[in-house]
Amino acid sequence: MSKTGALDLASGLGGKIDKEGVKSAVDEYEKYHGYYGGKEEARKFNYTDMVNKYYDLSTSFYEYGWGESFHFAHRWNGESLRESIKRHEHFLALQLELKPGMKVLDVGCGIGGPLREIARFSSTSVTGLNNNDYQITRGKELNRLAGLSGTCDFVKADFMNMPFSDNTFDAVYAIEATCHAPDPVGCYKEIYRVLKPGQCFAVYEWCITDHYDPNNATHKRIKDEIELGNGLPDIRSTQQCLQAVKDAGFEVIWDKDLAVDSPLPWYLPLDPSRFSLSSFRLTTVGRLVTRNMVKALEYIGLAPEGSQRVSNFLEKAADGLVEGGKKEIFTPMYFFVVRKPLSE
């Protein structure tokens, strides 16, 4: 089960980073980002270091607040956040037409919440690709607790250079993960390479929408906040992502921004104007409680120095996500299904 207590949060802060090194890791991470004067070119060149630092610093917070699946979801009225997250994962599995016995790859799998849910839902074997040691350690433990170690596993690698043979997998998916790639065409080409001919890749991408204006200072600030709080080298547009997957060789089956017709806004769990007991830790009051708890844990030495700053930039990201969602300039669920042709 997911880590849910204050001491669990404290023990996981910093991931695989030595506790004495957390503060300097926060310093280095923040300097990558435009919010602190960092440059996009540096983020792309050093994306492995930047993304690994981000997930070492933030995973414990994610697990504390969101559980095992670190993503948003299309949500119906009357549906809880947890229910919507599961349905979001089931929807992806159905779009890929997963069947028992298929060999599936999850690109950028986090601690494996979606991987385990999809494996159970579809009776498939799912391999999670991840380049972060701490998340893989957590994921393997959660697989063991779920009794899925025999059908689900993890491989540590960069999704820009996967250690798999050509034409290995029956299906590939990514959930809010390939947004970390410095080059979407290169990332999609690697996915294309390891996917069997005639089979499909499905993805939820983080994107800026057609409403985004790069000359609007407010829009630019929101984009910077989202990049800072989510370890992103850049946020690409929906059209850039669609063109990139075509350039990688895929045939587009269909694409849609699923945020457009979601009955409940995807950003609702983070919206300071609402309150929910079922997702209390994500509400304004819950975030205040967490902020003060982290401050106290750092003060008494149970959490490493720098933990408050991680909490702060994650809150800044939450504010940027809500504002970006309300202004309709950002979506975390631009969805497309594409196929690798039978013959090239």
Side-chain angles (χ1 to χ4, degrees), residues 33-36 38-41 43-44 70-77 79 81 84-85 88 91-92 95 108 174-185 187-188 202-248 250 252-274 282 284 313-338:
H33 289 279
Y35 195 86
Y36 291 95
K39 302 298 182 183
E40 179 185 329
E41 294 76 15
R43 292 194 296 277
K44 288 182 175 179
F70 306 159
H71 63 81
F72 293 100
H74 177 284
R75 189 171 173 187
W76 296 104
N77 288 301
E79 189 175 42
L81 175 62
S84 70
I85 284 174
H88 206 59
F91 174 82
L92 183 149
Q95 294 303 311
I175 302 177
E176 302 181 20
T178 46
C179 51
H180 292 294
D183 169 23
V185 176
C187 180
Y188 294 153
V203 60
Y204 293 111
E205 279 286 7
W206 280 33
C207 293
I208 52 174
T209 71
D210 292 342
H211 297 291
Y212 178 80
D213 178 1
N215 298 313
N216 182 306
T218 299
H219 289 192
K220 181 66 170 61
R221 172 185 55 77
I222 292 168
K223 181 173 179 285
D224 286 345
E225 288 178 349
I226 295 172
E227 289 168 354
L228 165 68
N230 295 279
L232 304 179
D234 185 27
I235 306 176
R236 294 174 279 271
S237 71
T238 54
Q239 292 307 308
Q240 284 175 317
C241 284
L242 192 63
Q243 187 59 52
V245 82
K246 291 177 181 177
D247 291 345
F250 284 104
V252 177
I253 298 174
W254 71 279
D255 71 290
K256 184 178 181 180
D257 179 4
L258 298 183
V260 171
D261 61 359
S262 180
L264 292 178
W266 60 265
Y267 54 82
L268 192 65
L270 301 175
D271 191 338
S273 67
R274 49 80 68 182
L282 300 176
T284 300
F313 72 61
L314 290 174
E315 285 212 42
K316 194 177 296 294
D319 294 338
L321 287 165
V322 171
E323 196 173 358
K326 287 183 174 181
K327 292 183 181 296
E328 299 182 347
I329 62 172
F330 170 81
T331 176
M333 55 188 73
Y334 176 52
F335 183 75
F336 53 80
V337 182
V338 296

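It should be emphasised that the depicted structure is a prediction, and the values quoted were computed from it without experimental measurement.
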Set of side chain to side chain donor-acceptor pair (under 3.5 Å) partners for K44, sequence neighbours left out: E40
Side-chain heavy-atom pair P184, Q240 within 4.5 angstrom cut-off: no
Close side-chain approach of Y334 and L242, heavy atoms under 4.5 Å: yes
Straight-line distance of I235 CD1 to E205 CD, nearest 0.5 Å: 11.5 Å
Rounded distance [0.5 Å steps], CG in L258 versus CZ in R75: 16.0 Å
Neighbour count above 12 (heavy atom, 6.0 Å) for K256 NZ: no
Where A259 and T331 come nearest, the two heavy atoms and their spacing: CB-OG1, 3.5 Å
CG-NE2 distance between L81 and H88, expressed to the nearest 0.5 angstrom: 11.0 Å
Closest approach of C207 to T238 (non-hydrogen atoms, all atoms of both residues): CB-CG2, 3.7 Å
Heavy-atom pair with the smallest gap, counting every atom of A174 and L92: O-CD1, 4.5 Å
pair Q95-F335: side-chain heavy atoms closer than 4.5 Å: yes
Residue among R221, K223, K316 satisfying salt bridge (charged side-chain N to carboxylate O under 4.0 Å, His left out) with E323: R221
Side chains of V185 and Q243 in contact at under 4.5 Å (non-hydrogen atoms): no
Worked verdict on D224 versus H33 for side-chain contact (heavy atoms from CB on, under 4.5 Å): CA-CA 7 Å; D224 286 345; H33 289 279; over 6 Å; no
Side-chain heavy atoms of E227 within contact of P233, under 4.5 Å: no
Any side-chain heavy-atom pair of F72 and E176 under 4.5 Å: yes
Between CD on residue Q239 and CG on residue D210, distance to nearest 0.5 Å: 6.0 Å
Within-4.5 Å side-chain heavy-atom neighbours: E225 and L321: no
Trace of the side-chain contact (heavy atoms from CB on, under 4.5 Å) decision for D261 with H74: CA-CA 8 Å; D261 61 359; H74 177 284; 3.9 Å; yes
Nearest-0.5 Å distance that lies between atom CG in N216 and atom OG1 in T218: 5.0 Å
Shortest non-hydrogen contact from G325 toward Y267: C-CE2, 3.5 Å
Distance in Å, I208 CD1 paired with H219 NE2, rounded so as to fall on 0.5 Å steps: 10.5 Å
Aromatic plane relationship, W206 with F330 - under 30° parallel, 30 to 60° tilted, over 60° perpendicular: perpendicular
Minimum heavy-atom distance I222-K327, with the two atoms named: CD1-CD, 3.8 Å
Listed partners of A248 passing side-chain contact (heavy atoms from CB on, under 4.5 Å), at least two apart: Y188, K189, F250
Closest approach of R236 to T178 (non-hydrogen atoms, all atoms of both residues): NH2-O, 3.1 Å
Side chain to side chain donor-acceptor pair (under 3.5 Å) partners for E79, two or more places apart: R87
